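Report on the following structure.
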Amino acid sequence: MPDGEYDPDAVEPKWQQQWVDDETYAYPTESTDPNTTFSIDTPPPTVSGNLHWGHVYGTILQDIVARFERMQGNDVFYPFGYDDNGIASERLTESELDIRHQDFERYEFQQKCREVCAEYEAGFTEKMQAMGISIDWNNTYQTISPEVQRVSQLSFIDLYEQDREYRQKAPAIWCPECETAISQVETEDLEEDSYFNDIAFELVESGGEPTDEAVDDDYEYETATEPGDDIIISTTRPELIPACVSMFVHPEDDRNAHLVGGTAKVPVFGHEVPIYEDDRVDMEKGTGVVMCCTFGDQTDIEWYQAHDLDLRVAIDESGTMTDLAGDYEGLSTHEAREAIVEDIDAAGQLRDRRAIEHVVQVHERDDVPVEYRVTEQWYVDVLDKRDEYLEAGKEMEWFPEKMFTRYQHWIDGLEWDWCISRQRSSGIPFPVWYCTDCDHEIIAEKADLPVDPLSDDPPVEACPECGHDEFAPEQDVFDTWATSSLTPLINVGWDWDEEAEEFTMDRPEIYPMDLRPQGHDIISFWLFHTIIKCYEHTGEVPFDSTMINGMVLDENREKMSKSKGNVVDPDAVLDEYPVDAARFWAAGSAIGDDLPYQEKGLRAGEKLIRKLWNASKLVESLAPEVVDRPDELAGIDRWLLAELDATIEQTADYLTNREFSKARDDLRTFFWGTFCDDYLEIAKQRRDEGDDQSAAYTLRTAHERFLKLFAPQLAHVTEELYRDMYDSETSVHHTDWPEPLGIEADREGGTAAMAVVSALRKYKSDRQLPLNAELSDVDVYGPIEGFEDDIRGVMHVDELTVLDSEPEIESVITEIKLDYAKVGPEYGSQVPDLEAGIESGEYELVDDELHVAGEELGADLFEVHRERQYVGEGEMLEADDAIIIISEA
RNA sequence: GGGUUUGUGGUCUAGUCUGGUUAUGACACCUCCUUGACAUGGAGGAGGCCGGCAGUUCAAAUCUGCCCAAACCCA
């Protein structure tokens, strides 16, 4: 039996260990019915460091759903993945071992990655188990494992065969530090100190005659009108001048209109470039003339494509100047920037140089500014099926609904197909070779997967296209998201059946998966990419529903970040608080909203755990045995069990809709306020007065039910109590969610009786009396039949009388309250007149009608509030519908 | 710069979609109470006019517009 104080330090690890040992949460191998399975596609955390508080938060929400669905009678499939095939894991390895991947053979570096990741993954496992997350540890995966590599390569080949992938030379965002193409989503903004340089190009030839606007004294620089004049442009990146391919002015720019069609000479490097017009120019900026280099930014790329410009590559893959930069060849971009500015200055063509702060796009992994390079990359078609993918998103149920708009806007704004190739040392290789003669693509056989073209031979002896017999392996590997967008297929055991020539699933019953939980920050790429990939492979939307959690903020509602130093360390928190307290905190959020980390939230959790424990002790002492239901149940017991029925249904509804905080607070309020404060106090008195089977039955029944209702959120303490008091062999997490008992009860009477108790408490409190002070004589007028003894017992009333008729009362009308929901629609703009009439007292009550402002309002349109004054002996209290008279002894 | 979401007493939060007038609860605060689980408890009290402005309406925390702030996504 529960004894002494609850000791989470001992209890929680005990059950965590047992849950793992017993495989309590294992998905049964024989489950085949999609209707009784509930599968969760958990996004595998990236192995890039330790798990943080945001993981803790998101995972607890998943786990509450998993536990709840399990109690709904479902076989829950709750896997865990480690996403360790990405660039983040490479970075982790480099910083952990203080090495650079460039210094190692590919295979050697991969081995190091495996070793470092293995350590961190063990840490993930430990943390998840130490939080009692009901993960099925028989179903875990690493995205770098051969099995997953096979799935990922199968996916590539399937899309290739569906003609939804292509290889193309195109400008891609490039990280010169990592020496790889990266995707848009891997970049972020960074404020950087820089200089704006005003540099003079020489006008060689105009395209037309200058207008009047060309000459104006207010201009900072004179407009170039004659050959030899200076055209001033401003740039933060003078090192790109050797890559300058053209200049642009806005089509509506009268000042510079005459330049269009002409040419200009680039300073220092001396090549001539054409001048074009384009509406992407910001004519308010500087002189309204800009240079276009291949490539300085996104606009340069657009111009390059729109105007079919030359390609001048001045910067190589490592951020070093090429031979195109002439004397500057071999310098880094930064060195070249300074050197070129100096030389331009020496040539008299630097007009101004001022320090500015501006935002540059950097690679999120290393904060190095990105470049744009034209390279051969693999792309997945997405732009052609936008409408279909939008529909696919619509088919899912979204918790909360409003998050769907993010998905929608992401698709609306898509401009590029999805680049899935990365030039890295570690990762899943493309199963592709190229004919060294004709560049024909040779794709691996599905049966051979996984393959590594660097060490494996292509499946053909000679090129089917040209007959050549030498092949070059694809050096690139997949983007991380190309694989992590396949987690539903990994989970269901998707594979290719060579004999049947079709894709198969080991566990078809769990696909589409029931739930995809994740943060709102990754709707646009992770969720989107997962939907489209699985949709293309299976023809089905991979999820029935998605649950989007918010971000965890710090105590001051600010974003947690290493640089701010406000990151909450899960280990430190869990050292100090029980896991169940953290679970209580996490359950206090509305799904989709951000949640600030609040220590007091954890403290509140601790209090609830303690309350549950102490109440359990009391229940055990009042009713030491489980008893059968007696033939007759006392009114108060029927009332309590009926109220509990309502809470059972309400809590289930809330959890079904993933309304965690409502479920938590509703249940807590009923347990604490009604069960502990009201019912248990009454039950105590009744036990004193003799052996009461009805009370014993109700105590045990309600208590057991409370344990089950709390089990999804307070996983540990409920397990301890349930096994101790009800069934040592069965986990509470394997029990079914309670069915309502459906007992007939006078709910109104019970509620009125509780209101009377409340009023008597207040009476004692107001007089600074102890709550167990004796009251000699109390009369009640109200619907409390059947509850008299309960009130008498708990409030220590010697004599309690229920009055048949209202006691002698004088009343004055204090207020007439209109029922606006009815009065408003009926009387509209007359309402202020009615109100004024009531306010000034110019009204009459005739029978049940209110006569005011020339109108006659029926009884259902208003309520009369009276102040009652009792004129007899004793003192009067009011409690909802009841009137209470207290006569002192 | 664009989009999405959020903004309620000192703090966190319910209510906002489906407009109706004493705006929910918790924590902190104040007062009182040791009653046979819990003083890490119980009873009670004070504290907000709902980010700001304007509008629609008989009526707005709730609808509309603009502005401000924060978070996220995109440029």
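If you're wondering where the values come from, they're calculated on a predicted model, not measured in any experiment. Note on naming: letters A, B, ... go to the chains in the order of the sequence lines (proteins, then strands), and numbering restarts at 1 for each one.
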[X] side chain: which of [options] is closest?
X	options	value
A:Leu618	B:A71, B:A37, B:G15	B:A37
A:Trp410	B:A37, B:C72, B:C73	B:C73
A:Arg668	B:A14, B:A43, B:C27	B:C27

In whole angstrom, what separates [X]'s [atom1] from [N]'s [atom2]?
X	N	atom1	atom2	result
A:Arg664	B:G25	CZ	C1'	10 Å
A:Lys764	B:U31	NZ	P	23 Å
A:Leu818	B:G19	CG	P	20 Å
A:Asp677	B:G42	CG	P	6 Å
A:Leu553	B:U6	CG	P	14 Å
A:Lys600	B:A28	NZ	C1'	7 Å
A:Gln598	B:C12	CD	P	6 Å
A:Asp666	B:G25	CG	C1'	11 Å

Distance between the [atom1] atoms of [N] and [M], in whole angstroms?
N	M	atom1	result
B:U21	B:C49	C1'	11 Å
B:U16	B:A54	P	26 Å
B:C63	B:C73	C1'	27 Å
B:A43	B:U35	P	16 Å
B:C68	B:A46	P	39 Å
B:G25	B:C67	P	37 Å
B:U11	B:G19	C1'	29 Å
B:G47	B:C30	P	16 Å

Considering only NZ, NE, NH1 and NH2 on the basic side and carboxylate oxygens on the acidic side, decide whether [X] and [Y] come within less than 4.0 Å.
X	Y	answer
A:Lys662	A:Asp653	no
A:Asp665	A:Arg668	no
A:Asp521	A:Arg406	no
A:Asp637	A:Arg686	yes
A:Arg603	A:Glu606	no

Is there a donor and acceptor pair, one atom on the side chain of A:Glu681 and one on the base of B:A37, closer than 3.5 Å?
->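 Present.
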
What about A:Lys402, does its side chain sit under 3.5 Å from the base of B:U4 through a donor-acceptor pair?
->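 Counting by modelled atom types and ignoring angles, no donor-acceptor contact under 3.5 Å is found here.
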
Does A:Tyr577 have its ring centroid less than 6.0 Å away from the ring centroid of A:Trp585?
->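 No, the ring of A:Tyr577 stays outside the 6.0 Å limit from the ring of A:Trp585, centre to centre.
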
Considering just the side-chain nitrogens and oxygens of [X], establish if one lies under 4.0 Å of OP1 or OP2 belonging to [N].
X	N	result
A:Lys607	B:C38	no
A:Trp672	B:G41	no
A:Lys762	B:G45	yes

More than 12 non-hydrogen atoms from neighbouring residues, nucleotides or ligands closer than 6.0 Å to CD on A:Gln408, yes or no?
->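 Buried by this count: over 12 neighbours within 6.0 Å.
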
Looking at [N], which nucleotide sits across from it as a Watson-Crick or G-U wobble partner, both distances under 3.5 angstrom, or is there none?
N	value
B:C17	none
B:A71	B:U4
B:C66	B:G52

Could you say whether A:Tyr827 or A:Cys676 is positioned toward the 5' end of RNA chain B, judged by the nucleotide with the nearest heavy atom to each?
->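 Result of the comparison: A:Cys676.
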
Relative to the 5' end of RNA chain B, which residue comes earlier, A:Asp593 or A:Pro832, by the nucleotide with the nearest heavy atom?
->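 Closest to the 5' end, via its nearest nucleotide, is A:Asp593.
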
